[in-house]
Amino acid sequence: MSMETLLWKKVNDPAEIDGSIKEAAALLQEKQVVAFPTETVYGLGADATEEEAVQRIFEAKGRPSDNPLIVHVADRRQVEELVSEIPPMARQLMDQFWPGPLTLVLNSNGTAAENVTAGLSTIGVRMPDHPLALTLLRVAGKPLAAPSANRSGRPSPTTADHVYQDLDGRIAGILDGGPTGVGLESTVIDCTTEVPIILRPGGITKEDLEEVLPQVMIDPALANEKEKPKSPGMKYTHYAPESPLWLIDGKDEFFMRQLDQLKVDGKRVGVIASDELADQMDHQPLIRCGSRTQLRQVAERLYGALREFKKSDVDVILCESFPEKGVGAAIMNRLNKAAVKKIQTC
Ligand code: TXA
Ligand code: MG
């Protein structure tokens with residue numbers, strides 16, 4: 001697979017229907033795939049109603065075909081065309097959080113191409129809160145299946161350059177709308193059960209959802225995963241940086257001891273830390289991802305940080321753990337998946 005990947009810069013006037021939007025939309029109508037920014041991360045879009053177009057997403061990413069895609073819509077009418085019904089609680093969530101980083105899993109009516117849902121009877125839908133994404137959706141006139149625009153296993157892209165690093169030569173084009181805002185993917189919530197279930201924590205927090213819904217559950221698999229990683233040999237293939245990531249859970253002194261020990265052992269260590277921890281060390285290379293008290297900022301910078309360290313530069317990346325409050329739940333969900341090792345104070 002090799003093709004010329006077009007790059008359109010569209011940072012200044014994202015909502016304007018200009019030549020680049022028209023060209024991108026025309027390519028989508030020709031069943032090609034095009035990357036575009038959303039408020040969470042960049043997505044890799046294709047016409048959700050065309051199997052051949054959707055197949056190209058899986059090929060470009062190297063994504064396993066049993067992992068369903070999220071369908072992006074410009075308005076509610078497009079949702080109605082894809083699902084068998086919209087339960088009242090799903091309507092409430094749309095009223096409150098759309099456009100925004102919340103994906104609703106609803107019962108599909110079979111209109112979407114079969115490979116979008118990976119054979120499931122349900123479908124994930126979301127209206128992104130980004131002027132460029134919404135304009136593209138409107139001009140293309142189609143719902144767009146769009147997973148994060150990274151090669152499978154890599155951290156999701158928060159800039160057009162990240163997309164380019166992963167997918168140059170594999171996709172028809174990239175719309176560059178500048179860096180994304182939220183930095184982590186949308187929250188995925190299953191609305192096909194009586195009590196909705198969070199399947200993936202993300203930009204809309206459990207606390208946000210609880211303000212609208214009488215009851216919300218969390219998929220037990222999310223909590224179990226926290227236990228499992230201690231088992232040896234556990235391999236993670238999500239959000240993986242080039243060098244192995246070790247997640248440190250403990251006080252700052254504990255982090256510093258781990259760092260010193262690795263240095264004594266002759267390892268080249270890259271550090272990802274909050275400002276509070278970074279202020280206590282004189283170590284390079286180090287990436288600051290913001291204050292512990294500003295978890296939104298940490299979320300915004302996290303994937304960029306994970307992409308920053310190259311295999312040739314560091315043997316190990318040490319990253320601190322963050323409080324699991326608010327968007328911290330999503331941050332820690334991603335870090336737990338990205339880490340090959342977790343070290344906790346006993
Ligand atoms: O913020 C986001 O959600 C980004 C931007 C581009 O919109 N997209 C994104 O897509 O993160 P992706 O494919 O990387 O993640 C989709 C997640 C996967 O964990 C997938 O298993 C889940 O949503 N998902 C999609 N459809 C589903 C369904 N019908 N039932 C359960 N889970 C579903
Ligand atoms: Mg992804």
Side-chain angles (χ1 to χ4, degrees), residues 33-46 48 54 57-58 60-74 82-84 90 97-110 112-130 132-134 136-137 143-158 160 162-163 166-167 174-175 177 180-193 196-204 219 221-222 225 237-240 299-300 303 306 327 330 333-334 337-338:
V33 299
V34 169
F36 61 93
T38 77
E39 81 281 28
T40 58
V41 300
Y42 274 73
L44 187 58
V54 172
I57 294 179
F58 284 96
K61 279 188 62 118
R63 181 176 175 112
S65 58
D66 60 355
N67 195 358
L69 307 178
I70 293 171
V71 178
H72 295 66
V73 297
L82 294 165
V83 305
S84 56
F97 299 110
W98 276 13
L102 184 68
T103 295
L104 307 180
V105 171
L106 301 169
N107 283 313
S108 165
N109 67 9
E114 211 164 315
N115 48 356
V116 168
T117 55
L120 296 176
S121 60
T122 57
I123 185 165
V125 288
R126 117 171 165 91
M127 189 188 295
D129 187 14
H130 194 293
L132 207 168
L134 290 171
L136 181 68
L137 280 160
L144 297 178
S148 50
N150 50 283
R151 285 293 277 271
S152 217
R154 299 260 296 144
S156 301
T158 52
H162 295 161
V163 181
D166 278 16
L167 296 173
I174 303 170
L175 279 161
T180 59
V182 178
L184 296 179
E185 300 86 344
S186 63
T187 303
V188 178
I189 187 166
D190 185 350
C191 295
T192 64
T193 48
I197 307 170
I198 297 174
L199 303 181
R200 176 176 75 180
I204 300 290
D219 181 0
L222 288 174
E225 203 178 50
T237 53
H238 266 82
Y239 317 111
E300 189 180 333
Y303 285 144
L306 292 179
V327 79
N333 169 267
R334 307 308 191 269
K337 289 197 163 131

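Here, residue 1 is the first one in the sequence, and each next residue gets the next number. Whatever order the structure lists them in is the order used to number ligands and atoms, beginning at 1.
Among all protein heavy atoms, the one lying closest to atom 33 (C) of ligand 1 is Pro68 CG, 3.7 Å. Among all protein heavy atoms, the one lying closest to atom 5 (C) of ligand 1 is Thr40 OG1, 3.5 Å. Ranking the protein heavy atoms by distance from atom 7 (O) of ligand 1 puts His72 NE2, 2.6 Å first. Atom 6 (C) of ligand 1 has Gly43 CA, 3.5 Å as its closest protein atom, hydrogens excluded (heavy atom only). Closest to atom 17 (C) of ligand 1, if we only count protein heavy atoms, is Arg200 NH1, 3.6 Å.
The part of Val188 lying near ligand 1 is the side chain, judged by heavy-atom distances below 4.0 Å. By the criterion of a heavy-atom distance under 4.0 Å, neither the backbone nor the side chain of Met127 is placed next to ligand 1.
Between atom 21 (O) of ligand 1 and the options Asn67, Leu120, Ile197, Val71, the minimum heavy-atom separation is to Asn67. Nearest-residue assignment for atom 14 (O) of ligand 1 (options Gly202, Ala112, Ser148, Gly183; heavy-atom criterion): Ser148. With atom 4 (C) of ligand 1 as the reference point, the heavy atom nearest to it among Ile123, Thr180, Val41 is part of Val41.
In summary, the side chains of Arg154 and Ser148 do not present any donor paired with an acceptor at a separation below 3.5 Å, with no hydrogens or angles considered. In summary, the side chains of Ser156 and Glu185 do present a donor paired with an acceptor at a separation below 3.5 Å, with no hydrogens or angles considered.
Among the atoms of Ser152, none of the N, O or S atoms falls under 2.8 Å from the Mg ion (ligand 2).
Using a 4.0 angstrom heavy-atom cutoff, Leu199 counts as in contact with ligand 1. For the ligand labelled ligand 1, residue Ala146 lies inside the 4.0 Å heavy-atom shell.
Of all non-hydrogen atoms in Phe58 and Asn67, the two that sit nearest each other are CE2-O, 3.7 Å.
Residues Ser108 and Ser84 form no side-chain contact, since every pair of their non-hydrogen atoms from C-beta on lies 4.5 Å or further apart.
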Query raised in the report: Stepwise, does the side chain to side chain contact (heavy atoms under 4.5 Å, CB included) test hold for Leu167 with Tyr42?
Result: CA-CA 12 Å; Leu167 296 173; Tyr42 274 73; over 6 Å; no
